[in-house]
There are 2 protein chains.
Amino acid sequence: MILSKSCEYAIRAVVYVAAKTVKEERVGIIEIAEAIGSPVAFTGKILQTLTRKKVLASSKGPNGGFYIIDPASVYLIDIVRAMDGNEIFTACVIGLTTCSAERPCPMHHQMKPIRDQLRIDFSNRSVYEMVQAFEENNYFLK
Amino acid sequence: MILSKSCEYAIRAVVYVAAKTVKEERVGIIEIAEAIGSPVAFTGKILQTLTRKKVLASSKGPNGGFYIIDPASVYLIDIVRAMDGNEIFTACVIGLTTCSAERPCPMHHQMKPIRDQLRIDFSNRSVYEMVQAFEENNYFLK
DNA sequence: AGAATAAAAGATATATTTGTCTTCTATTAA
DNA sequence: TTAATAGAAGACAAATATATCTTTTATTCT
Ligand code: FES
Ligand code: FES
């Protein structure tokens with residue numbers, strides 16, 4: 001599994017929240033969890049983290065809920081970094097304490113391009129694009 | 001982290017064992033763990049699994065130890081499948097229960113090519129090649 | 001001001017992964 | 001055939017990830 005379960009839920013949640021935001025709506029934990037098929041309380045914790053890390057925003061009280069400031073300026077990589085950190089883009093595939101061309105493991109030269117491609121793809125994929133995919137073309141979040 | 005820690009240790013261990021095998025030597029748990037910088041007992045368990053799955057072979061008693069039948073016919077993907085299963089090549093990046101073009105998540109079309117490339121690279125990389133890299137060109141296992 | 005709503009925070013629980021330790025079994029060599 | 005060696009197997013322990021529950025805080029509406 002390339003991403004932690006928390007991170008998987010996080011991405012799905014952000015896309016769902018963003019889809020609501022573009023319709024000028026805020027959305028609560030229960031509806032989000034239902035929409036993406038995740039455990040409610042755990043999803044709450046994840047949304048809390050995302051809000052602390054400024055990926056999402058939230059407001060309390062009636063008509064409160066989660067929303068996203070600007071879906072076009074948040075990228076997939078921001079969600080991944082918020083939840084799992086940057087290591088998946090930098091750490092050695094077979095767990096050496098450092099990964100570098102100077103001290104490579106026997107897989108380094110094969111893996112580095114793939115890892116870089118992953119970073120590029122994650123960096124170029126905005127939440128806004130994912131919302132468009134989700135809305136327009138029959139993509140799924142659960 | 002793309003691979004489990006067990007799988008990381010497993011790959012490093014197999015390369016080390018194979019490097020010994022090509023020199024007609026068998027090697028014990030303690031030396032393996034030392035060589036790859038892993039906990040001895042845990043490494044023992046992993047080697048046990050690899051032997052059960054026919055990635056490695058072992059013999060007990062004096063002059064016993066681990067070895068590999070044919071380094072050229074074992075591929076990286078065999079080690080990964082033995083330890084982590086096939087899911088990393090097939091499961092949805094954001095955790096949907098199924099991954100398919102018919103029911104894609106908003107990342108499917110970006111991720112599928114990368115995942116396929118990973119499978120191809122892992123399928124084409126034989127243990128023998130990794131041993132050559134390790135021996136000839138200053139590659140590292142810890 | 002008071003009641004209702006909804007997220008934040010913190011404590012607790014469960015599951016999985018990682019790691020250790022002890023005993024058992026097979027092999028070798030004297 | 002006995003002692004030494006080394007992996008196999010199983011029980012146990014610690015750490016981390018996943019998940020739940022309760023209390024608190026902020027906001028809105030009446
Ligand atoms: S050193 Fe292992 S991937 Fe770079
Ligand atoms: S459905 Fe998510 S990667 Fe294929």
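We name chains A, B, ... by the order of the sequence lines, and we start the count at 1 in each one.
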Atom-pair distance (CZ on B:F66; P on D:dT5), nearest Å
18 Å

Is the backbone N or O of A:V55 less than 3.5 Å from a side-chain atom of A:D78, with the two atoms forming a donor-acceptor pair by type?
no

Between atom OH in B:Y67 and atom P in D:dA6, what is the gap in whole Å?
16 Å

Are A:K112 and A:D116 close enough for a salt bridge, meaning some N to O gap below 4.0 Å?
yes

Rounding to an integer number of Å, can you tell me how far B:E25 CD sits from D:dA6 P?
14 Å

CG of B:L56 versus C1' of D:dA8: gap in Å, rounded?
15 Å

For B:T98, give me all partners under side chain to side chain donor-acceptor pair (under 3.5 Å), at least two apart in sequence or on another chain.
none

Taking side chain to side chain donor-acceptor pair (under 3.5 Å) as the test, write out the residues that go with A:T21, two or more places apart.
none

Atom pair distance, as rounded to whole Å: CZ in B:R52 and C1' in D:dG10
12 Å

is_close_aromatic(B:F140, A:H108), centroid dist under 6.0 Å:
no

Could you tell me whether the side chain of B:E129 and the main chain of B:S126 form a donor-acceptor pair under 3.5 Å?
yes

Over all strands shown, is B:G44 touching base, sugar-phosphate only, or nothing at heavy-atom distances under 4.0 angstrom?
nothing

Would you kindly give the CD-to-P distance between A:E31 and C:dT5, to the nearest whole Å?
16 Å

When we call it a touch if two heavy atoms are under 4.0 Å apart, what does B:L47 touch: a base, just sugar-phosphate, or nothing?
nothing

Starting at the 5' end of nucleotides 20-30 of chain D, put B wherever the base has a protein heavy atom under 4.0 Å, S where only the sugar-phosphate does, and a dash everywhere else.
B----BBBBS-

A:Y9 vs D:dA19: side-chain N/O to OP1/OP2 distance below 4.0 Å
yes

Spacing of B:Q48 atom CD relative to C:dC24 atom P, expressed in whole Å
16 Å

Give a yes/no on whether any side-chain N or O of A:S58 is located under 4.0 angstrom from OP1 or OP2 of C:dA6.
no

Would the distance check show the side chain of B:R103 and the main-chain N or O of A:K142 forming a donor-acceptor pair, the cut-off being under 3.5 Å?
yes

B:I29 CD1 to D:dT5 C1', in whole Å, measures 12 Å

